[in-house]
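Notes follow once the structure below has been shown.
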Amino acid sequence: MMFQSGTLPFLWVSAILIAAAVAPVVNRVFGSRGGWGLALIPVGVVASMLNLWPSVVDMQEVSASVDWVPALNLTVSLRLDGLSLLFGLLITGIGALILIYAAGYLNGDERLGRLWMLLLLFMAAMLGLVLADNLLTLFIFWELTSITSYLLIGFNSDKPESRASALQALLVTGGGGLALLPGLLLLGLAGGSFELSSLLDNAEAIRQHPFYVPMLVLILAGAFTKSAQFPFHFWLPNAMAAPTPISAYLHSATMVKAGVYLIARLQPILGGTTEWFWMIAPVGTITMLLGAWLALRAADLKQILAYATISVLGSLTMLLGIGTEATMSAALAVLVAHALYKGGLFMVAGAVDHAVHQRDIRKLGGLRSAMPVTFAAACLAGLSMSGMLPTFGFIAKETWYEAVGGWAGVSFLTASVLSNVCLVVAVGLVCLKPFFGRGTEATLAAHESGPAMWGPPMMLGVTGFVLGLMPTGISELLSAASHWVVGHAVPVKLALWHGVNVTLGLSLLTLAGGMTMYWQRHRLERWFIGLDVLTQFGPAQMYHRLLTAVNDFARGLTAILQNGYLRFYLLTMVGLTVFSVWMALGSELLSHLKPVSLDFRVHEILLTGLILLASVVAVRARTWLLAVGAMGVVGYSVAGIFVLFGAPDLAMTQFVIETLTVVLFVLAFCRLPDFRRLSSVQTRVRDAVIAVVAGGTITALLLFAMTVRSDHPISDYYSAHSVADAHGRNLVNVILVDFRALDTLGEITVLSIAAIGVYSLLKLRAPKRTDSSDDAAMDSLPAAARRSEGM
Amino acid sequence: MDSVILKTAIRFLFPLLLLSSVFLFLRGHNEPGGGFVGGLVASGAIALYAMAHHVAAARRVLRVSPRVLIGSGLLLSLSCGVAPLLFGRPFLTGLWMKVATKGLGEIHLGTPLLFDLGVYCVVTGVSLVFVFSLLEE
């Protein structure tokens, strides 16, 4: 069953995951050359997807699903249709180039293996997201992209601003994810299924559902945060703290497009209503204009590109929000064009940064002669971004203008032209400014980097040209993808030359306006500075205020709940337990208490007496060792009781645990000061009362449990199925490793987390302040010994 | 702790404890025992060794770091959960096969055994992280 076409989607995702697992080893063995080998995996996925192209274009789909929790109807299902093929090809194709580029960017750096691993993990998450057919599968992959992008953006973890940016991105997109989950659940409940493919049949009922609006708001909150739409756009430029290969991948081709993908994917189910239009199109338009304007304000190469990305994401959202057949096909065309040129431009920016360690365009110039190939790649991408003939960018822009055209769309059209004028200026800032003019101090040492760094952007640029000249193949794919966005077949015919008409006029107007603005940009600057006051009231400030408020609240709460006194924690826990037991079961507990028959055997009485005696000794002990020993006796005696009542497994575990506990206590206590009585008589009386009440409650609870036992204990089921289903005669073990293995998995995870906690408390403390030289000498020796031994 | 009695005792106890730990682990599925208690016995043995000699010596005997034990144990248990998915069965379903051996008769081998091995590794690793951290303080 492994290699039927139905399991191919699973194979793709797992192949990339396996590549991620071996990436660090590849780096250790082959160094940065291994990037070419690792890139073969996504290239293989691309090939496998292209193999399915004919059937997907024929509107067939490849789907696969695995039961996850059959009892709850949870399945992991993946499906390849036109839309996911389009996204999948972008993700894996550009991803392969990024892997090669990353190898050049971090050549010889030991962190390269980690970068590859994270990039591949992200690729797998993103691919899973676009292939997911089940809403919950989609959500899981959605959150995985948030988490992996957090690790990627914070890749330079030694820099505080890098960590802050990563956290900001995680909080914003993760917060959106928290809204998305209830949204998807509502959608699933309203539609009666969690499979996207079956929801399509219920679209009308979902749109009429009373929960339609809340559902839409929640889902769009997820999509807008992920795709950096206004007012959540501020995290994206900050995320540029990541190394460039990451920016090129996350912020051009993939992650930020996840939100756009979600809107496109849900359009046939939720779209076509007035609510849909008014919630999406205006947000997209504002984002488009804001991003374009901010791009002109920035001076950092990557910041300019990031704001330009926000602008394009806004236009994609706007086009999807308008929601006619033409605008949706146009959105897909713009999306492809943008992924190609923006990925390339980011890599160019990275190559410049890598060569001269400077990204401020005011300090760059004259790089053309030193980096001719990079310049060529920049030109290829820039031509496509500005929408010049004969690139794919031109075709996409023409389709866009044509789709929005007509008197109804005049405001959208004006906004589109305005934003594109700004983008043309941005092209000038990124592709011309650093390469022409006089050289600067920074650019003296400029040099061309290896083929790993100029090859990938070159390839993307050339692809943009080839698609522009031969748009037949991509038309086929776009029309197959549109089919799934619109809900029925849409013929998409892209062509380079439409003849002389209004859209061509608008294209020329855009170019002319952009060029004039670039030429006169110094005059605009004064005007911009006046407007900067506005940014003080922006959403970024709101974010910071909110974050500070949350932290202050948490600090206040922590001061009350965790005041650092262990006895206070214990008191709270025991007290709350006793209180809640009596609150919940009080009257029932008392009514069920019956006198127990007193036919004890002698050794039971002896053991109980031993326990009582030992606990009295423990309380009255005057040395640590005696107290620990007495506690050990209590533990062993309890184990003895287990033996008497036929629970050898428990007894055995109790014996060993008791031994280890005594060992740990001895190790810990030999560092404490001598045993002293620090508590007053009063506190000891208080503790005694609490202990008696707590013990009495538990005793009552146990007696109660004995009386209300039902006729069919669950153990009957276990003993009947143990040998038959789980091949084991030891019930306890069978429960642990088979019937309730998920619990065990959770428990060992908790154990591991506890171990990490203990380790970091004891080992990773910040070095003590050295008040006197004596202390320093005392401390440094064991610390050094510890470091050399490692853990 | 520099004690001749402890050192001498450990020389005999250490292999015995380790053997019984393996024994407990292997018989677990049909008789009292299993990964949890087996792992505890193993960590008890190594903890005693570390007390008698030094932590460094105990680390050399253990060969891998406790943290690696924890990680690989978790991964092993988790992969036992994932493996059935590849065969189209739900998460954590036990997969079994019969192996005929000479002398021992027919043996049932299955993923629950590997799952238990994961538990064994995690438990050993966790308690040794505690013991070693405290001993090295």
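Taking a 6.0 Å sphere around CD1 of Ile5(B), one finds it holds 12 or fewer heavy atoms contributed by other residues, nucleotides or ligands.
Listed in order of number, the residues of residues 731-741 of chain A that approach chain B to under 4.5 Å between heavy atoms are Asn733(A), Val734(A), Leu736(A), Val737(A), Asp738(A), Ala741(A).
Scored by the ring-ring contact (aromatic ring centres under 6.0 Å, His included) test, Phe665(A) finds Phe669(A) as partners (sequence neighbours excluded). Checked against ring-ring contact (aromatic ring centres under 6.0 Å, His included), Phe14(B) has the following partners two or more places apart in sequence or in another chain: Tyr49(B).
Taking CZ from Phe655(A) and CG from Leu40(B), the interatomic distance works out to 14.0 Å, rounded to the nearest 0.5 Å. Here the NZ atom belonging to Lys763(A) is positioned 9.5 Å from the CZ atom belonging to Phe132(B), to the nearest 0.5 angstrom. Put simply, OG on Ser77(B) and CG on Leu742(A) are 11.5 Å apart, with the number rounded to the nearest 0.5 Å.
Put simply, the side chain of Glu31(B) does not reach to within 4.5 Å of the side chain of Asn730(A), judged on heavy atoms.
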Do any side-chain atoms of residues 631-644 of chain A form donor-acceptor pairs under 3.5 angstrom with protein atoms, and if so which ones, sequence neighbours left out?
{"unit_1": "Tyr636(A)", "atom_1": "OH", "unit_2": "Thr659(A)", "atom_2": "OG1", "d": "2.8"}
{"unit_1": "Ser637(A)", "atom_1": "OG", "unit_2": "Val633(A)", "atom_2": "O", "d": "2.6"}

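Using a 4.5 Å cut-off between heavy atoms, Val131(B) contacts chain A through both its backbone and its side chain. Of the atoms belonging to Leu660(A), it is side-chain heavy atoms, and not backbone ones, that fall under 4.5 Å from chain B. For chain A, the nearby part of Leu24(B) is the side chain; its heavy atoms alone come within less than 4.5 Å.
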side-chain contact (heavy atoms from CB on, under 4.5 Å) assessment of Leu134(B) paired with Leu762(A)
CA-CA 8 Å; Leu134(B) 283 168; Leu762(A) 291 175; 4.1 Å; yes
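Interface check for chain B: of the options Ile756(A), Thr744(A), Val76(A), Val663(A), the most heavy-atom pairs under 4.5 Å are formed by Thr744(A). Most heavy-atom pairs under 4.5 Å with chain A, from the set Ile70(B), Leu74(B), Leu48(B): that is Leu74(B).
In terms of heavy-atom proximity, Ala754(A) sits nearest to Phe130(B) at O-CE2, 4.2 Å. Contact detail for Gly33(B) and Asp649(A): the closest heavy-atom pair is N-OD1, 3.0 Å.
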